[in-house]
A.B. asks: 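First the structure, which I've put down as structure tokens, then a few questions once you've had a look.
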Amino acid sequence: MTLHKVPAAEDAYVPSERRIARERYRRGRTRRATAIAATSTLVVGAALFVLITNSPGWTRTKETFFSAHYARVAFPQVLEGLWLNLRLLAVCGAAVLVFGLLLAVARTLRGPVFFPLRALATAYTDFFRGLPLIICLLMVVFGVPALRLEGVTTDPVLLGGSALVLTYSAYVAEVFRAGIESVHPSQRAAARSLGLSSGQALRFVVLPQAVRRVVPPLLNDLVSLQKDTGLVSIAGAVDAVYAAQIIASKDFNYTPYVVAGLVFVALTIPMTRLTDWVTARMDRRRAQGGLV
């Protein structure tokens, strides 16, 4: 028996001239768009630089806000204070996720017997979403010690972190609730038809889908929390902002504030890019039918 070998080269795909021309045209348009964007950015940046540096008060502003000497002095102390902000972010972020999820589950419980729990959760989220964060911080940081309760801490870091958790849990609860309600009721019905109880259906079917859907907005809330940890400085906690304030109050130079702001920006940008990447990845999976 004789075997005939079929040449693989005969089945190789060769793009047509029209397709090659189309791809060449698209690449050319991309290059032109990139060149135009870069040129316009440079023009706008140069115009702003000339406008700011030629303003009458630029010399004094440069000495007050952009002093290289005070930046070198403030940077180590701002970094030391930043360690407190990072610890607050880690602890408060975990507490906010847990408490927010509990609030969201409480608001989605069904049946008249759970009405008091739903009402309390709704009142909590409405109140703390409407209350400005800085007022909540002032009330907790200065109001709790004024009560002189036995066994209650007066540590400004703990009290400030508690105020952050109280406020952000209300926002995160609404994010989780939106994710839970976005799951189609047929998912819960299918779980019940397989013999799962209401609690099991919520735990094993609804919540996993809801959490996956709300990961991008949760990351956005985490970015906001990372910035707002600097507000604990109003209680006297020496974080990055308060460290900058101490140096600025000594010499009446505000460069340390600029340094602290840039440090927070340097932390926020990677988290923002991570949020964008996760959002784009989930959108691609959803478009391909890989995300329920």
A.B. asks: Does F128 reach the side chain of C136, with side-chain heavy atoms less than 4.5 Å apart?
C.D. replies: yes

A.B. asks: Is it possible for you to say whether F75 and V258 belong to one hydrophobic cluster, with membership spreading through side-chain heavy-atom contacts below 4.5 Å?
C.D. replies: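 Each belongs to a different hydrophobic cluster.
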
A.B. asks: Mind checking the CD1-CZ spacing from I269 to F264? Nearest 0.5 Å is all I need.
C.D. replies: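 Those atoms lie 14.0 Å apart.
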
A.B. asks: How is the hydrophobic cluster of L102 composed, in terms of its other members, when Ile, Leu, Val, Met, Phe, Trp and Tyr link through side-chain heavy atoms under 4.5 Å apart, directly or indirectly?
C.D. replies: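 Its cluster partners, ordered by chain and number, are V98.
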
A.B. asks: First locate atom OG1 of T268, then atom NZ of K227, and finally report the distance between them rounded to the nearest 0.5 Å.
C.D. replies: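 Taking OG1 in T268 and NZ in K227, the distance rounds to 6.0 Å.
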
A.B. asks: Checking the side chain of T108 only, and the main-chain atoms of V105 only, is there a donor and an acceptor separated by less than 3.5 Å?
C.D. replies: yes

A.B. asks: Pairs of donor and acceptor atoms involving the side chains of residues 234-245, under 3.5 Å and at least two apart or interchain, shall be tabulated with distances.
C.D. replies:
| from | atom 1 | to | atom 2 | distance (Å) |
| --- | --- | --- | --- | --- |
| D239 | OD1 | V241 | N | 3.4 |
| D239 | OD1 | Y242 | N | 3.0 |
| D239 | OD2 | N85 | ND2 | 3.0 |

A.B. asks: Between L218 and V223, is there a shared hydrophobic cluster once you connect ILVMFWY residues whose side-chain heavy atoms come closer than 4.5 Å?
C.D. replies: yes

A.B. asks: Considering only NZ, NE, NH1 and NH2 on the basic side and carboxylate oxygens on the acidic side, decide whether E174 and R177 come within less than 4.0 Å.
C.D. replies: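 Here E174 pairs with R177 in a salt bridge, since their nearest N and O are under 4.0 Å apart.
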
A.B. asks: Between H184 and S186, does any side-chain donor sit less than 3.5 Å from a side-chain acceptor?
C.D. replies: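 Side-chain D/A pair, H184 to S186: present.
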
A.B. asks: Tell me the closest heavy-atom pair linking G179 and V214, and the distance in Å.
C.D. replies: CA-CG1, 3.5 Å

A.B. asks: Using 0.5 Å steps for rounding, measure from the CG atom of L109 to the CG atom of L202.
C.D. replies: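 Here the interatomic distance stands at 7.5 Å.
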
A.B. asks: Quick one, N253 and P256 - any side-chain contact, counting heavy atoms below 4.5 Å?
C.D. replies: yes

A.B. asks: How far apart are the C-alpha atoms of R192 and S198, what are their side-chain angles, what is the distance that settles it, and do they pass the side-chain hydrogen bond (donor to acceptor under 3.5 Å, both in side chains) test?
C.D. replies: CA-CA 7 Å; R192 295 300 304 275; S198 297; 2.8 Å; yes

A.B. asks: Hey, does Y70 have a side-chain heavy atom less than 4.5 Å from the side chain of D251?
C.D. replies: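 With C-beta onward as the side chain, the pair touches.
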
A.B. asks: Taking E23 for its side chain and I20 for its backbone only, find out whether a donor-acceptor pair lies under 3.5 Å.
C.D. replies: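 Here the side-chain-to-backbone pair does not exist.
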
A.B. asks: Minimum heavy-atom separation for R118 and A106, please, with both atom names.
C.D. replies: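 R118 and A106 have their closest heavy atoms at CG-O, 3.2 Å.
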
A.B. asks: How many angstroms lie between CZ in R87 and OG1 in T229, if you round to the nearest 0.5 Å?
C.D. replies: 11.5 Å

A.B. asks: Hydrophobic clusters join Ile, Leu, Val, Met, Phe, Trp and Tyr when side-chain heavy atoms are under 4.5 Å apart, directly or via other members; which others share one with L120?
C.D. replies: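 Members other than L120 - counting any ILVMFWY side chain reachable under 4.5 Å - there are none.
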
A.B. asks: Calculate, to the nearest 0.5 Å, the distance between atoms OG1 and CG belonging to T272 and N220 respectively.
C.D. replies: 7.5 Å

A.B. asks: Does the gap between the ring centers of Y171 and F176 come in under 6.0 Å?
C.D. replies: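 Ring-ring flag for Y171/F176: false, centres at least 6.0 Å apart.
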
A.B. asks: Ignoring hydrogens, what is the shortest heavy-atom contact between A71 and T255? Give both atom names and the distance.
C.D. replies: N-CG2, 3.8 Å

A.B. asks: So which atom in T122 and which in R107 form the shortest heavy-atom distance, rounded to 0.1 Å?
C.D. replies: OG1-NE, 3.2 Å

A.B. asks: Could you list the donor-acceptor pairs under 3.5 angstrom formed by side chains in residues 42-57, with sequence neighbours left out?
C.D. replies:
| from | atom 1 | to | atom 2 | distance (Å) |
| --- | --- | --- | --- | --- |
| T53 | OG1 | F49 | O | 2.6 |
| T53 | OG1 | V50 | O | 3.4 |
| N54 | ND2 | V50 | O | 3.1 |
| S55 | OG | I52 | O | 2.6 |

A.B. asks: Evaluate the ring planes of F99 and Y124, with Trp represented by its six-membered ring, and classify them as parallel (under 30°), tilted (30 to 60°) or perpendicular (over 60°).
C.D. replies: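 Perpendicular, since the angle between the ring planes exceeds 60°.
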
A.B. asks: Drop me the distance from R188's CZ to Q209's CD, to the nearest 0.5 angstrom.
C.D. replies: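 Output value for this atom pair is 10.5 Å.
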
A.B. asks: Report yes if the side chains of R281 and W277 come closer than 4.5 Å at any heavy-atom pair, otherwise no.
C.D. replies: yes

A.B. asks: Under 3.5 Å, sequence neighbours excluded: what are the donor-acceptor pairs made by side chains of residues 138-162?
C.D. replies:
| from | atom 1 | to | atom 2 | distance (Å) |
| --- | --- | --- | --- | --- |
| T153 | OG1 | D155 | N | 3.0 |
| D155 | OD1 | V157 | N | 3.1 |
| S162 | OG | L158 | O | 2.8 |

A.B. asks: Strictly distance-based, threshold 3.5 Å: is any side-chain N or O of T64 a donor or acceptor partner for the main-chain N or O of T61?
C.D. replies: no

A.B. asks: On a heavy-atom basis, which atom in T125 and which in A173 lie closest, and how many Å separate them?
C.D. replies: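 Scanning both residues, the minimum pair turns out to be CG2-CB, 4.1 Å.
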
A.B. asks: Can you tell me which residue among L82, I247, I246 is in a side chain to side chain contact (heavy atoms under 4.5 Å, CB included) with Q77?
C.D. replies: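 One option only clears the test, and that one is I247.
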
A.B. asks: For the residue pair Y168 and L97, establish whether any side-chain heavy-atom pair is separated by less than 4.5 Å.
C.D. replies: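 A side-chain contact under 4.5 Å is absent here.
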
A.B. asks: Taking only distance into account, with no hydrogens and no angle test, what donor-acceptor pairs under 3.5 Å do side-chain atoms of residues 32-39 form with protein atoms, sequence neighbours excluded?
C.D. replies:
| from | atom 1 | to | atom 2 | distance (Å) |
| --- | --- | --- | --- | --- |
| T34 | OG1 | T30 | O | 2.9 |
| T39 | OG1 | A35 | O | 2.8 |

A.B. asks: Do L86 and L267 make a side-chain contact, defined as non-hydrogen atoms from C-beta onward lying under 4.5 Å apart?
C.D. replies: yes

A.B. asks: So, the side chain of T167 versus the backbone of L164: is there a donor-acceptor pair under 3.5 Å, distance only?
C.D. replies: no

A.B. asks: Would the number of heavy atoms belonging to other residues, nucleotides or ligands and lying under 6.0 Å from CH2 of W58 be above 12?
C.D. replies: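 Result for CH2/W58: enclosed.
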
A.B. asks: Hey, quick one: are F204 and V206 part of the same hydrophobic cluster, counting side-chain heavy atoms closer than 4.5 Å, chains of contacts allowed?
C.D. replies: no

A.B. asks: Can you see which heavy atom on L225 is nearest to which on C92, and at what distance?
C.D. replies: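 Taking every non-hydrogen atom into account, CD2-C, 4.1 Å.
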
A.B. asks: Is there a chain of hydrophobic side chains (I, L, V, M, F, W, Y, each step under 4.5 Å between heavy atoms) that links V91 to L219?
C.D. replies: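 No, V91 does not connect to L219 through the hydrophobic network.
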
A.B. asks: What about V263 and L84, same hydrophobic cluster or not, with Ile/Leu/Val/Met/Phe/Trp/Tyr joined at side-chain heavy-atom distances under 4.5 Å?
C.D. replies: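 No, because V263 and L84 fall into different hydrophobic clusters, even though each may have its own neighbours under 4.5 Å.
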
